[in-house]
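Both ligands and their constituent atoms are indexed starting at 1 by order of listing. This one's a predicted model, so the numbers in the text were calculated from it and none came from an experiment.
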Amino acid sequence: MAHNYDASAIKVLEGLDAVRMRPGMYIGTTGVRGLHHLLWEIVDNGIDECMGGFATEVQVTLYKDGSASVWDNGRGVPVDIHPELGITGVEVIYTRLHAGGKFGNDNYAYSGGLHGVGASVVNALSRWMTVDSFRDWTHYAIRFESNWDEKEGKVLAGHPTGPLQKIGNTRKRGTLVRFLPDDRIFEETTFSHDTVRSRLRELAYLNPNVRITLTDERVQDAAGRTEEFCYAGGISDYVRYLNREKTPLSPEIITFSGQKDDIRFSAAVQYTDSYTESVFSFANNISTGEGGSHEAGFRAAWTRVMNDYARRIGVLKEKDNNLSGEDFREGMTAVISVMVKNPQFEGQTKGRLGNTEVRPAVEAIVLNEMQFYLEDLKNQDLGQKILDKAVKSAKVREAARKARDVARQKNELDAAPLVGKLSACTGKKAVENELFIVEGDSAGGSAKQGRDRRFQAILPLRGKPLNVEKKRLDQVLANDEFRSIITALGTGIDEDFSLDSLKYHKVIILADADQDGAHIRAILLTFFYRYMKDLVTQGHVYIGMPPLYAVKRASGIQYAYDDRELKKLTKGLKGGYTIQRYKGLGEMNPEQLWETTMDPRNRKLMQVTIEDAVREDGIITTLMGDKVEPRREYIIEHAEFNKADHFEGTLEDSYRLMPPGRETDA
Ligand code: 0RA
């Protein structure tokens, strides 16, 4: 099926300087996320070569000088001269925007290409980039640089330092690309070992039998420098991994795949005894944390096929209503992966698959494959277990619905008791309004007095809320603290949740910088993630960061949010000052609390984002679930306290701000 693909197949659009002028347009941010985006782009090219059947291996190396390289054992980038442009294929791919087979050509029909911006963008945003191509028994090499040009009076982006060189003969095949992200562009230039590792592992699960290795030269201990990921079982191995700390209903993993028109779909599903649903979806190897048409098709078909099955074996009688989709997804861990020709990524974080043609195709594949699966006699036991679990879930859901109706009626008759502790704001614009959920009555009191009542509302929390991870919906709804949060937000919860009725577009958790505060924060985040997921994925959840220190001098008070800031503040001072370490929010008076923590002009907020849904879900299970040993290990391994220098962080970062102690079971 291999097409003849040489340099002439590559279309050319425009030059690279534009990328340096507006990097955000191409890679989103110039923060740590954008930095990693560069690497994903280059890794994707290697993976594409594997998906095309031309390579079996991708090796990623992180170097001490800050550069990164990616090697694949594929065909090697083309070196022949492009007939219209008169330059080599390598130069076209790495210096011309939007060039590459992905563009207007079906050599890489299913390439990831969210990124899709191409390797040239990586070159434009690097100080230097080298490309080695091993092809036709010959080793070729070229180097690109972005450096200051006197004549032009600006940095020239990614130009070759000389012509493509023939280095010599070789028996190897493949491509090696190495680049150094430009510190004149990026605020952060250090690749995160954990982030890279987790993405590479994910890619290995999504591409069975592709051997992916990570070598981190920055790691001190030589033995721990290299790690290899290769999974013969693909996404079914992924599900087994995701459930490693959970208790499966049954050892087998339901796995199937199918193709309709140009859409290829595969799924792996296993049930556990937990009450939550963990469906992870991917489109063209890119995580779609905001869901989309493939998820919608999968869910719809799963519900239908399971209801049909329940009727066929008599679990549902003619007069019975169908069970709901939520019931069939309680305790479900699933990985679904779709390959689409022209993926459209939409949404806040470009994490939702938009292609409408995908839904019916996925639905048809799931219906067909699952009907077949459920007809097989050897699958009857598992089928029965799934139905039992769904029936139980439906009963609880019915009880919860009644409780919720009561709460709702009570609420309408007399809203006061439920939101009694809420001090609402006067403004009516949800987009501008903020809800502070504050630990403790005394800090709540200060916040109430210190706030700007036009747009800030305060909800004090008394004591620790219930750890929701191992609780069912009805128990959560019976809890006063959560009831007041749900009522205050106005969104409803779980299947009733609607972001449209959210009354505060910023929901700010304000807890002390100690173990108790960390625990409360973790519980609240877990609650939002499990029952109001879109609140988190759409970026409405924030962590308030109170200062840790006050430096008092005759001239006034200055605040430090972490140890580094404190050092900076006190560096030039020659005595005549005192340092106060705040142990709790309650130690600040209303004016101080306003000035340091609530005033939008000075405060530090950390917006909670979901960078890596699989990892974040695992962290919740580890930290909030019922197995003690993995939690202890995680906490020991990640004991990073008070990382207060963030403005944006993943869900994992916020859990880590200060790891909850072992009393998490409380
Ligand atoms: C287009 C054509 C051919 C190879 C590639 C692209 C290619 C690009 C990259 C980027 C990283 N690794 C890569 N490996 C291959 C070759 C076409 C042929 O040999 O006929």
Any idea which atoms of ligand 1 are less than 4.0 Å away from a heavy-atom of [X]?
{"X": "N45", "result": "10 (C), 11 (C)"}
{"X": "P78", "result": "1 (C), 2 (C), 3 (C), 4 (C), 5 (C), 6 (C)"}
{"X": "E49", "result": "7 (C), 14 (N), 15 (C)"}
{"X": "Y94", "result": "10 (C)"}

Side chains of [Y] and [X]: any donor to acceptor distance under 3.5 Å?
{"X": "T175", "Y": "S133", "result": "no"}
{"X": "R201", "Y": "Y238", "result": "no"}
{"X": "Q270", "Y": "E252", "result": "no"}
{"X": "S120", "Y": "T95", "result": "no"}

Measure W71 to ligand 1 on non-hydrogen atoms and call it side chain, backbone, both or neither using the 4.0 Å cut-off.
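No part of W71 is near ligand 1 at this cut-off.
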Please state which part of D72 comes within less than 4.0 Å of ligand 1, counting heavy atoms only: side chain, backbone, both or neither.
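The part of D72 near ligand 1 is the side chain, not the backbone.
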Below 4.0 Å from any atom of ligand 1, is there a heavy atom belonging to G74?
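So G74 does not count as touching ligand 1.
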Strictly under 4.0 Å, does any heavy atom of G76 approach an atom of ligand 1?
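So G76 counts as touching ligand 1.
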Could you walk me through whether R184 and D182 satisfy the salt bridge (Lys or Arg N to Asp or Glu O under 4.0 Å) test, starting with their C-alpha distance in whole Å, then the side-chain angles of each, then the deciding distance to 0.1 Å, before giving a yes or no?
CA-CA 5 Å; R184 293 164 296 192; D182 198 327; 2.7 Å; yes
Is the distance from the ring center of F191 to that of H36 below 6.0 Å?
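Yes, ring centres under 6.0 Å apart.
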Scan S67, S126, S69 and name whichever one has a side-chain hydrogen bond (donor to acceptor under 3.5 Å, both in side chains) with R178.
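Of S67, S126, S69, side-chain hydrogen bond (donor to acceptor under 3.5 Å, both in side chains) with R178 is met by S67 alone.
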From V131, L176, V92, V77 - option closest to atom 10 (C) of ligand 1 by heavy atom:
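Nearest option to atom 10 (C) of ligand 1, by heavy atoms: V77.
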